[in-house]
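Residue numbers begin at 1 in each chain, while the letters A, B, ... track the order of the sequences. Keep in mind the model is a prediction, meaning the values are calculated, not measured.
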2 protein chains.
Amino acid sequence: MERGGSGVPGGRRKQRVSMADVAKLAGVSSQTVSRVSNGHPGVISSTREQVLAAMRELGYRPNSAARALRYGQFNTIGVILFSLSSTGNSRTVEAIATHAAAEGYAITLIPIDVPTQDNVLGAFTRMGELAVDAVIVIMEIHLLDTGTVQLPPGVHVVVVDSDAGDRHSVVDTDQADGARQAVQHLLDLGHRTVWHVTGPQASFAGQRRAQAWRAVLREAGRPVPPALYGDWSAESGYAAGLVLAEPPDCTAVFAANDQMALGLLRAFHERGLSVPYDVSVVGFDDIPDAAYFVPPLTTVHQDFAEVGHRCVQKVLQQIRAGEGGRPGTDLVPTRLVVRGSTAAPRG
Amino acid sequence: MERGGSGVPGGRRKQRVSMADVAKLAGVSSQTVSRVSNGHPGVISSTREQVLAAMRELGYRPNSAARALRYGQFNTIGVILFSLSSTGNSRTVEAIATHAAAEGYAITLIPIDVPTQDNVLGAFTRMGELAVDAVIVIMEIHLLDTGTVQLPPGVHVVVVDSDAGDRHSVVDTDQADGARQAVQHLLDLGHRTVWHVTGPQASFAGQRRAQAWRAVLREAGRPVPPALYGDWSAESGYAAGLVLAEPPDCTAVFAANDQMALGLLRAFHERGLSVPYDVSVVGFDDIPDAAYFVPPLTTVHQDFAEVGHRCVQKVLQQIRAGEGGRPGTDLVPTRLVVRGSTAAPRG
DNA sequence: CGCCGTCATGTTTACGTAAACATGCTGTCA
DNA sequence: TGACAGCATGTTTACGTAAACATGACGGCG
């Protein structure tokens, strides 16, 4: 009854239980409460018990704003991203959150719903005011370069999915190597060449996969068919599939992600083309469902958990060293997972 | 050169730029800086310009810990969840983050990697110390009831995916109605009865879908086949599909989510059963890929964005009213999306 | 012409915590 | 036995911000 602060209309926001309250009840100074609260030595056990009892009775919980103010840090890492919808992003964020929690850090999410210059700029501006010790940016970094948008100076930062390794500390999966493995696998099976359904043109991940695809074909002296442009969605993969199902005969396709590969599978199925006997399909990501597509999808596995883990490691390193991140790119290996959607061409 | 604080080894963490620094440079008091910073009236424009210039020169950014301490709130909402891997959770979190950002609130993620009592307890304990004004819990709430685990008193909270509506403020999709629509659709097509692949037994969402399935069959006077137990994964759906492909003849299956439905599709395909002509399949969730399964999946659409939106609304309402949430359940409608995986039974 | 209201700006204080320093008591050793 | 080390605990202070209150100058009106 006495803690009716919340209901007072028009009144100031009533304080929650503070150290002083606990101290008064326990009959000690607030500094002793602080010592008990932080497990410092030098408090005799009888006193400690009194304090703990008082804490329990009042339901004391430390005020982290005051702590943060005192210590000059928040034990929080900010994560800026466009979307949680993609498998990759949500898995990466999950890994970041888990590893950060293990180190005593919380995660603050700063979503950017529409990737306009203004919104990105706004996010970074807010970022500076936000209660975070460091930032992990999961996005196409080139958006940062095209305008006045830039990371606030003096903020520890790690970037995912970008080629900004010359200016920032970057963690990414080895997209190029994964794409190479995918295309090489198809060539090794005996396909004359390999078609490609790309990701969005603004995406660096998509760009790198397409570059590697082109490079492998060139190195092998194979003809390079025109790329089909997708946007990561199954729908765009389906549309590409309808095109590829027509002559000139395509026997192998490398899709820049698994969802577009799914769209391809449906389009080929509708057109009466058998995968893998008429056309081989390789995806990218290895989403959990890929093994249960019809047929099970050969794809490039990305270890998002590891990406998240390394992001946290790097960012904590920066915080602890008190220095900005060394520019450079940290690549997590990718590997091809061969399933039922690829085979030697007919004939 | 003079701001070399970060590099001093062993030294105290150097302060960043504070209001006092800006005030000194601008030749005003820190209170005037505060007024400019917060856009208060009563600062003559020439003074304001001076202050703004000083802010720019020093790269001043407000310290949110001090702000939070002053105001007694953090403008942050905590989100406790088990996993971001499921479509539903990641979409809900994304919507929460977006709507919260629009209201000036940030989102702090508190993941629980393994749902043991200890970990849940730990999360809630940390919660109390965390810099949040309210909490949204996305998880199977019954884990909270089985032991000593409970939400810290005095914390504003909204729960998702739970039947705790008698004690907490709950937002959820209308699982029961969605399941009813799915089963009724299959009966309307002329199927004699409908089989069901469940979610994990610990899941309330799964339980409610199964209950509704049973209820519709009973009301229609149809035989209720034994449930097949799944765990949301495509793999478990595949295993169930292999069982269902054997006699006694099953002509219609309702899977408790789309991934398990995907597993069913593959199992039936492998066994030479045609979907929908031999067997009809309905899923639940309406993940973006579902429209591109082979065949396109009939499924129950859940509006996760709306769930996230309402969570934020409710939680802000609690914060602003300064009161605990009214217990009660807020249901977001679900709707059946009919695609190609359902048809009338043969014969 | 003088009083007072208005307005821009400065000063004081409190938010909750914890480091640094101060106090006072106990026991030990020269 | 007296000075001092060691230890439990208390007091002071600072972290950065902003509300509340104080100050002082200027102008309008009786």
Establish, with yes or no, whether the OP1 or OP2 oxygen of [N] is under 4.0 angstrom from a side-chain nitrogen or oxygen of [X].
X     : N      : value
A/Y60 : C/dT17 : yes
B/S30 : C/dG10 : no
B/Y71 : C/dC15 : no

Rounded to whole angstroms, how far apart are [atom1] on [X] and [atom2] on [N]?
X     : N      : atom1 : atom2 : answer
B/N63 : C/dC15 : CG    : C1'   : 13 Å
A/M19 : D/dT13 : CE    : P     : 20 Å
B/H40 : D/dA20 : NE2   : P     : 11 Å
A/D21 : C/dC15 : CG    : P     : 10 Å
B/E49 : C/dT9  : CD    : P     : 13 Å
B/R67 : C/dA14 : CZ    : C1'   : 17 Å
B/R48 : C/dT9  : CZ    : P     : 9 Å
B/N38 : D/dA19 : CG    : C1'   : 11 Å

### 5′-ward residue of the pair B/A66/B/Q31 relative to DNA chain C
B/Q31
Of the options [options], whose atoms approach the side-chain atoms of [X] most closely?
X     : options                : answer
A/S29 : C/dG10, C/dT17, D/dG10 : D/dG10
A/I44 : C/dG10, D/dT9, C/dT17  : D/dT9
A/R35 : C/dA18, D/dA19, D/dG10 : D/dG10
B/L69 : C/dC15, D/dA18, C/dT9  : C/dC15
A/R70 : D/dA18, D/dA14, D/dT17 : D/dA14

### Query
Between B/R320 and B/E103, does at least one N-O distance fall below 4.0 Å, as a salt bridge requires?
yes
### Task
Quick one: label A/V33 by what it contacts on the DNA or RNA (base, sugar-phosphate, nothing), any heavy atom closer than 4.0 Å.
nothing
### Query
If you look at every strand shown and take non-hydrogen atoms under 4.0 Å, does B/T47 touch a base, only sugar-phosphate, or nothing?
sugar-phosphate
### Task
Report the distance from atom CE of B/M19 to atom CD of B/Q31, rounding to the nearest 0.5 Å.
7.5 Å
### Query
Between B/P62 and B/R67, which heavy-atom pair has the shortest distance, and what is it?
CB-NH1, 2.7 Å
### Query
Considering the options B/Q313, B/R310, B/H309, which one meets the side-chain hydrogen bond (donor to acceptor under 3.5 Å, both in side chains) requirement together with B/H99?
B/H309
